Novice: 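Sharing a structure here in C-alpha cells format.
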2 protein chains.
Amino acid sequence: MQSRTPPTRAGRPRSAAADAAILAATRAALVELGWSRLTLGDVATRAGVAKTTLYRRWAGKNELVVDAVAELFDELRLPDHGSLAADIEGVVLQFAALLARPEARSGLMAVVAEATRDETLRDRIRTSIVDRQKRLVLEGRARAQSRGELPPEPGPEEAARTADLIFDMVAGAVVHRTLVSAEPADEEWVRGFTRILLTGLATHSPFGGPALLEELGGV
Amino acid sequence: MQSRTPPTRAGRPRSAAADAAILAATRAALVELGWSRLTLGDVATRAGVAKTTLYRRWAGKNELVVDAVAELFDELRLPDHGSLAADIEGVVLQFAALLARPEARSGLMAVVAEATRDETLRDRIRTSIVDRQKRLVLEGRARAQSRGELPPEPGPEEAARTADLIFDMVAGAVVHRTLVSAEPADEEWVRGFTRILLTGLATHSPFGGPALLEELGGV
DNA sequence: CCATTACGCTACGGGTCGTAGCGAAAGCAT
DNA sequence: ATGCTTTCGCTACGACCCGTAGCGTAATGG
C-alpha cells in the first residue's frame with residue numbers, strides 16, 4: 001500500500017558518493033574561502049559534479065552548509081573520566097577543538113545568522129545539530145546522578161528545562177569565548193569555567209551559602 | 001606641532017548627518033532583508049547618498065554592519081537592584097530584549113561569522129562591542145563585592161581572567177539560547193540561569209559542598 | 001526493451017560588486 | 001572675493017555569481 005515514495009523508486013538512483021563528495025568539498029571551500037566567498041559553482045567543481053546536480057539536492061547555500069557542518073558535530077563523545085567535573089572538562093575541550101577548525105567556525109555562525117530570518121533553516125539546525133548534541137548533557141547528568149554528584153530531578157518537565165539550560169550555558173560559553181571574544185578555550189579557561197558551573201560564583205563568599213539561596217527566592 | 005592630520009583639515013568636511021543616515025539605513029535594511037540580501041547599493045539609496053560616498057567611508061559590508069550594530073549595545077545599563085542576583089537578571093533581560101531585535105540578531109552573528117577569517121574585523125568587533133560591554137561585568141562585580149556578596153579578588157591578573165570568563169558565560173548563554181536554540185530568554189529562563197551561575201549545578205547535592213571542591217583540585 | 005529518473009554540459013538574463021571619471025558643492029586660508 | 005582642497009552625486013563599466021532551462025546521455029526497474 002506504499003503507493004507514494006516507494007522504498008526503491010524507478011529510474012536512476014542518486015549517487016551517494018556524490019553526496020559525500022559535495023559535503024566534503026563544501027567543508028574544504030569553507031576552509032579556504034570562508035562563508036561569504038564560497039560559491040556553489042566552485043563547490044560543484046571541487047566535488048567533480050555539475051552545478052545543476054547540486055541544486056537538485058539542496059535549495060541553496062544555507063541548507064548545504066548546515067548539512068556539511070552537522071557531520072562534524074557527531075564526532076563529539078563523552079568518555080567516563082570518573083567525575084562530573086572531569087567529564088565536563090573533557091567534552092568542553094573537544095568542543096573547543098571543534099570550534100578551532102575553520103570549517104566549523106565560519107560555517108556554523110553563518111548559518112545561525114541566516115537562520116534568524118528563516119524559520120525552515122532554524123528547524124533544520126535544531127534537528128541536525130542542536131537536538132542531536134543534547135544527548136551529551138543528558139548522558140553526563142545521568143552519570144553524575146548515579147555517582148551521587150547531582151541530585152535527582154523533581155520531575156520530567158523540570159529535568160528537560162534544566163538540560164536545555166545547561167546546554168545553552170556550556171555551548172554558549174565556548175562559542176562566545178572562541179568566536180566573539182576570539183580567545184582560545186584552553187585548559188586553564190576550561191578549569192575555571194567548570195568550577196563556576198559546578199559551584200557557582202559565590203563560592204567562599206561570606207554570604208555565598210544559605211543567605212544567597214534565600215536571596216534567590218528559594219527553589 | 002601637530003603637522004599631520006590637523007584637527008581641522010582643509011577642504012569640505014564629511015557630513016556627520018550622512019554617517020548617521022547610513023547607519024540607520026543599514027539597520028533598517030537588516031530588519032527588512034537580513035544579512036545576505038542586504039546590498040550596499042540599497043543602503044545608499046535608503047540613506048539618500050550615493051553608493052560611492054558609502055565606499056569612501058567603509059571598506060565593505062562587514063565593517064559597515066559592525067558599526068551599525070555596535071551602536072545598539074551602548075544602550076545596555078546596569079541599574080542597582082539591591083542584590084547581585086537581581087542585577088544579573090536585569091541586565092540579562094536587557095540583553096535578551098536586544099537580541100530579540102532583528103537588526104541585532106542577524107547583524108551580530110553574521111559579522112562574527114565573517115570575523116573568523118578576518119583578523120582586522122575581529123579587532124574591530126572586540127574594540128567596538130566586546131570590550132565596551134565588559135564594563136557591565138566590572139561594575140556588577142564591584143557592586144557585589146561592596147555588598148559582601150562576592151569575595152575580593154586575589155590579584156589584578158586573576159580578576160581580569162574571571163571577568164572575561166563571566167562575560168563569556170553570561171553573553172554566550174543568552175546568545176546561544178536565543179539564536180542557536182531559538183527559544184526565548186524569558187524571565188523563567190533568566191531566573192534559572194542566574195541561580196546556576198551564582199550557586200552552581202551541584203547545589204543541594206550530597207557531595208556538592210566541600211567534596212566537590214576537593215574533586216576540582218582546590219583553588 | 002521501455003519508462004523513468006539522475007547526470008553532465010552549455011547557455012542565458014538578471015543582479016550585485018567595486019571602481020573610475022566627471023562636474024558641482026562646501027569648507028578653509030589668504 | 002578667490003583660490004585650494006576635499007567631499008559629494010551621478011553615470012558608466014567589466015567582472016562575477018546566481019538560479020534555471022534545455023538537451024543528450026547514463027543508470028536503474030518493470
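All values derive from a computational prediction rather than experimental measurement. In the text below, chain A, chain B and the rest are named by the order of the sequence lines, each starting its count at 1.
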Novice: Please list, chain by chain and in numerical order, all residues satisfying side chain to side chain contact (heavy atoms under 4.5 Å, CB included) with B:Thr120, sequence neighbours excluded.
Specialist: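 In terms of side chain to side chain contact (heavy atoms under 4.5 Å, CB included), with neighbours along the sequence ignored, B:Thr120 is linked to B:Asp118.
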Novice: How would you list all residue pairs meeting ring pair (Phe, Tyr, Trp, His ring centres under 6.0 Å) that involve residues 48-107 of chain B, not counting sequence neighbours?
Specialist: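 Sorted result for residues 48-107 of chain B: empty, none.
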Novice: Could you state the atom-to-atom distance from CG of A:Leu54 to C1' of D:dT20 in whole Å?
Specialist: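 Rounded to the whole Å, the gap is 14 Å.
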Novice: For A:Asn62 and A:Val111, work out which heavy atoms get closest and say how close.
Specialist: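 Here A:Asn62 and A:Val111 meet closest at O-CG1, 3.9 Å.
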Novice: Among all residues two or more places apart in sequence or in another chain, which pass the side chain to side chain contact (heavy atoms under 4.5 Å, CB included) test with A:Glu158?
Specialist: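 Once residues adjacent in sequence are excluded, the partners of A:Glu158 under the side chain to side chain contact (heavy atoms under 4.5 Å, CB included) criterion are A:Glu153, A:Pro154, A:Arg161, A:Thr162.
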Novice: Using a cut-off of 4.0 Å between protein heavy atoms and nucleotide atoms, how would you tag nucleotides 15-25 of chain C 5' to 3' with B, S and -?
Specialist: -SSBBB----B
Novice: Holding to side chain to side chain donor-acceptor pair (under 3.5 Å), I want the full list of residues that pass it with B:Gln94, two or more places apart in sequence or in another chain.
Specialist: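 Testing B:Gln94 for side chain to side chain donor-acceptor pair (under 3.5 Å), a comparison that skips the adjacent residues, returns none.
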Novice: Could I get the full list of side chain to side chain contact (heavy atoms under 4.5 Å, CB included) partners for B:Val130, not counting sequence neighbours?
Specialist: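 Scan of B:Val130 (side chain to side chain contact (heavy atoms under 4.5 Å, CB included), adjacent residues dropped) gives A:Val180, A:Ser181, B:Ile125, B:Arg126, B:Lys134, B:Phe167.
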Novice: Partners of B:Trp189 by ring pair (Phe, Tyr, Trp, His ring centres under 6.0 Å), sequence neighbours excluded?
Specialist: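 Partners of B:Trp189 under the ring pair (Phe, Tyr, Trp, His ring centres under 6.0 Å) test: B:Phe193.
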Novice: Who are the side chain to side chain contact (heavy atoms under 4.5 Å, CB included) partners of B:Ser15, not counting sequence neighbours?
Specialist: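 Result, side chain to side chain contact (heavy atoms under 4.5 Å, CB included) vs B:Ser15: B:Ala17, B:Ala18, B:Arg57.
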Novice: In residues 43-50 of chain B, which ones come under 4.0 Å of DNA chain D, going by heavy atoms?
Specialist: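 Listed by number, they are B:Gly48, B:Val49, B:Ala50.
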Novice: Given atom CZ of B:Arg14 and atom C1' of D:dT5, what is their separation to the nearest angstrom?
Specialist: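 Distance, rounded to whole Å: 14 Å.
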Novice: Tell me: CH2 of A:Trp58 to P of D:dC18, nearest whole Å?
Specialist: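 The answer, rounded to whole Å, is 16 Å.
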